[in-house]
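Take a look at the structure set out below.
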2 protein chains.
Amino acid sequence: MTAPLDLDQLQSFCAIADCGSFTEAARRVNKTQSAVSMQIKRLEERLGHPLLSRDGRTVALTEHGEALYSRARRMLRINFEIMDHFSDGDLKGSIRFGVPDDYAVRLLPVILSSFQRTHPKIVVDVRCQPSEELLEGMKKGKYDLVVFTQGTNHEYGELFRTERMFWVASHGGQALSTEPLPLAGGLHCCWKDNAVEALNRIGRDYRIAYTSSNAMAIASAVLTDLAVGFLPESALQPGMRVIAEDRDLPRLRDAEIAIMRASHAYGGIYDALASHIVASMGNLDGRDALPMAAE
Amino acid sequence: MTAPLDLDQLQSFCAIADCGSFTEAARRVNKTQSAVSMQIKRLEERLGHPLLSRDGRTVALTEHGEALYSRARRMLRINFEIMDHFSDGDLKGSIRFGVPDDYAVRLLPVILSSFQRTHPKIVVDVRCQPSEELLEGMKKGKYDLVVFTQGTNHEYGELFRTERMFWVASHGGQALSTEPLPLAGGLHCCWKDNAVEALNRIGRDYRIAYTSSNAMAIASAVLTDLAVGFLPESALQPGMRVIAEDRDLPRLRDAEIAIMRASHAYGGIYDALASHIVASMGNLDGRDALPMAAE
DNA sequence: TCCCGTTCATCAAAATTCGTGATGGGACTT
DNA sequence: AAGTCCCATCACGAATTTTGATGAACGGGA
């Protein structure tokens with residue numbers, strides 16, 4: 001039996017892909033830069049192809065690197081799943097965790113119930129803010145771990161879930177047929193750019209009718225027919241009507257949900273929470289890239 | 001970052017689970033028995049739970065072992081997928097490959113096209129026989145690699161696919177309402193036991209009306225309304241009618257497709273073919289056991 | 001343009017890990 | 001009861017990996 005790949009190497013590889021840097025990746029995986037460098041060297045030798053193109057200061061995935069990345073991620077996710085399952089409740093500490101409030105509704109039950117059950121000694125300090133503010137807060141050292149939606153300014157983090165975005169209106173409301181189209185969205189919400197860009201693309205007129213950083217407020221605006229909203233699948237609420245995309249409204253780009261950690265937040269309790277979230281909510285473990293031959 | 005698990009250990013673990021023996025597993029993964037033993041020891045220490053119950057001469061998976069097994073398999077499958085993708089066409093040799101003829105129809109195109117494209121120097125010698133004969137042939141050293149359907153006599157091999165079994169008849173035929181029910185099936189076909197057992201369970205009378213080790217012959221018998229057949233999903237053919245299970249016919253057990261290797265057939269070209277088959281046809285990589293918490 | 005800081009590759013030595021072969025004990029067979 | 005098969009253990013040696021230092025390439029700022 002040909003020996004299987006070394007997950008440790010793959011982890012380093014993925015870390016590099018995620019943060020675009022050997023040095024930073026080394027910090028994340030608790031190794032020296034040279035160790036990571038040699039791991040990648042061995043991995044490339046093993047597979048017989050360069051995986052990362054070191055071009056000046058930037059490190060990018062080669063075509064083969066891309067192919068490897070998605071598979072390696074899948075393996076690491078399963079690895080997480082296992083670790084999560086077998087970790088006894090002996091970890092202790094506290095984690096400052098940030099999440100957009102629209103997602104909090106979904107995440108909190110998962111975290112508080114199953115995570116607290118398996119890790120009763122870990123205190124999770126939850127704060128809700130819009131994605132952009134979460135990332136700012138992370139830079140200022142206010143968070144250890146943050147779940148956010150990837151905006152146009154591509155922040156580095158581990159992508160673990162994508163969701164369909166939908167246009168929504170109230171049942172039987174008028175907002176949809178109003179001209180210009182009244183929109184409701186978070187002020188700095190990265191989905192807004194998505195929606196606005198999509199509307200510009202087809203030349204549809206619109207106006208921002210309602211803005212708030214509170215997801216409930218947006219939802220209310222939609223439900224009371226004040227405006228049309230744009231929400232990810234999991235934020236849909238009863239009473240909302242999903243607009244088919246073949247109307248005058250264009251298809252929205254999928255929302256990409258990622259997890260980001262402070263540079264110190266690797267290992268131990270942070271892994272436990274991160275892997276728990278990824279295992280519970282991730283939808284990318286499966287068939288995101290099945291036909292390998294087709295690549 | 002807590003170090004990830006060692007795939008090499010997991011491979012040994014799975015090998016033991018597959019063949020129920022440390023010693024035999026060691027042979028398969030090209031290690032000594034003591035090496036494998038120590039690997040498992042380290043793995044169990046790492047996860048904090050016994051994974052295998054050594055009870056006298058038999059080795060069985062513990063509950064935790066079961067949980068680990070399916071995940072480890074998934075990881076190994078992805079590992080295979082990667083190896084398959086990156087292996088250049090530099091492997092050479094020949095493989096004596098056996099497959100039941102009903103499956104050959106499905107497998108041959110896959111193997112001959114994509115496999116031969118990526119491994120032009122490997123000659124695959126295909127022989128078609130019923131599963132039982134394949135296993136006999138394997139014992140006699142006539143095959144290196146065999147794909148077969150698990151019968152009641154549980155042979156050890158790596159399970160990589162399950163398929164729904166269906167009762168089939170010809171469109172508009174009489175066979176279905178004939179008493180006793182005329183059946184068509186392979187003489188030693190392990191599905192026959194499945195079908196017969198299922199019929200006995202509900203006390204339905206039957207007779208074996210037609211028997212052949214050739215799948216085409218069975219198919220013809222069904223299509224010409226000579227008898228009712230029982231086939232896995234992938235062997236269904238146009239012109240056949242699938243009988244709903246709520247009729248007088250009981251639900252059949254799923255067919256379990258496994259791969260078995262001669263003891264020498266590990267590594268190199270054998271891995272290449274086996275992983276290719278598993279990657280192309282396996283349907284067990286996905287969500288076979290998603291809710292880990294529920295276990 | 002010329003530094004200076006950063007980044008990645010490389011090297012030899014050190015440390016760690018891992019596998020081997022021999023050995024022992026327990027269980028099933030005959 | 002002897003023989004056989006199987007797994008656990010141990011000490012030693014081999015192979016692999018990490019480290020810390022160093023060098024080379026690149027880019028930004030003055």
* To do: Keeping the roles fixed (side chain from B:D55, backbone from B:A60), state whether a donor-acceptor pair exists under 3.5 Å.
  =>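 Checking the backbone N and O of B:A60 against the side chain of B:D55, no donor-acceptor pair under 3.5 Å is found.
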Round to a whole Å and report the spacing from [atom1] of [X] to [atom2] of [N].
X: B:D8; N: C:dC18; atom1: CG; atom2: P; value: 9 Å
X: B:I40; N: D:dC7; atom1: CD1; atom2: P; value: 11 Å
X: B:L52; N: D:dA8; atom1: CG; atom2: P; value: 8 Å
X: A:E24; N: C:dC8; atom1: CD; atom2: C1'; value: 15 Å
X: B:R54; N: D:dC5; atom1: CZ; atom2: C1'; value: 17 Å
X: B:R27; N: D:dC5; atom1: CZ; atom2: P; value: 11 Å
X: A:Q39; N: D:dT17; atom1: CD; atom2: C1'; value: 9 Å
X: A:K31; N: C:dA15; atom1: NZ; atom2: C1'; value: 15 Å

* Verify the contact: side-chain N or O of B:T32 to OP1 or OP2 of C:dG19, cut-off strictly under 4.0 Å; return yes or no. =>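 Answer no for this pair, as no side-chain N or O of B:T32 is under 4.0 Å from OP1 or OP2.
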* Answer yes or no: does a side-chain N or O of A:R42 lie under 4.0 Å from OP1 or OP2 of D:dT18? =>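 Indeed, a polar side-chain atom of A:R42 lies that close.
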* What's the verdict on side chain to side chain donor-acceptor pair (under 3.5 Å) for B:S114 and B:H276, showing C-alpha distance, side-chain angles and the deciding distance? -> CA-CA 9 Å; B:S114 52; B:H276 189 81; 2.9 Å; yes
* **Rounded (10°) bend between the five-pair end axes of the helix from C:dT1-D:dA30 to C:dT30-D:dA1** =>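 The angle, to the nearest 10 degrees, is 30°.
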* Approximate separation, where rounding is to 0.5 Å, of A:L145 CG and A:I95 CD1 ->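 Answer for the CG-CD1 pair, A:L145 versus A:I95, is 6.5 Å.
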* Value rounded to 0.5 Å, distance of CD in A:Q9 from CG in A:L51 ->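 One gets 10.5 Å once the value is rounded to the nearest 0.5 Å.
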* To do: Apply ring-ring contact (aromatic ring centres under 6.0 Å, His included) to A:Y69 and list each qualifying residue two or more places apart in sequence or on a separate chain.
  =>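 A:Y69: no ring-ring contact (aromatic ring centres under 6.0 Å, His included) contacts found.
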* To do: For each nucleotide in nucleotides 25-30 of chain C, reading 5' to 3', give B when a protein heavy atom comes within less than 4.0 Å of its base, S when such contact involves only the sugar-phosphate, and - otherwise.
  => --BS--
* Structure fact -> 5' to 3', nucleotides 9-15 of chain D under a 4.0 Å protein heavy-atom cut-off (B base, S sugar-phosphate only, - none) gives BB-----
* Asked: Considering residues at least two apart in sequence or located in another chain, which fulfil the side-chain contact (heavy atoms from CB on, under 4.5 Å) criterion with B:R54?
  ->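 B:R54: side-chain contact (heavy atoms from CB on, under 4.5 Å) contacts with B:F22, B:I40, B:E44, B:L52.
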Write down the atom of [X], the atom of [Y], and the distance for their closest heavy-atom approach.
X: B:H64; Y: B:P50; result: CB-O, 4.0 Å
X: B:C19; Y: B:E24; result: SG-CG, 3.4 Å
X: A:R127; Y: A:L134; result: O-CD2, 4.4 Å

* Asked: Nearest to the side chain of B:T23, which nucleotide is it out of D:dA8, D:dT18, D:dC6?
  ->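 Given the options D:dA8, D:dT18, D:dC6, the side chain of B:T23 is closest to D:dC6.
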* Asked: Is B:V59 touching bases, backbone alone, or none of the nucleic acid, heavy atoms closer than 4.0 Å?
  ->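 B:V59: backbone/sugar contact only, no base atoms under 4.0 Å.
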* Does A:M260 reach the side chain of A:L135, with side-chain heavy atoms less than 4.5 Å apart? ->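 Side-chain contact under 4.5 Å: yes.
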* Can you name the residues that form a salt bridge (Lys or Arg N to Asp or Glu O under 4.0 Å) with A:D144, not counting sequence neighbours? ->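 With neighbours one apart ignored, the set is A:R96.
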* Asked: Would A:S12 and A:Q39 count as having a side-chain donor-acceptor pair, cut-off 3.5 Å?
  ->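 Per modelled atom types, A:S12 and A:Q39 side chains form a pair under 3.5 Å.
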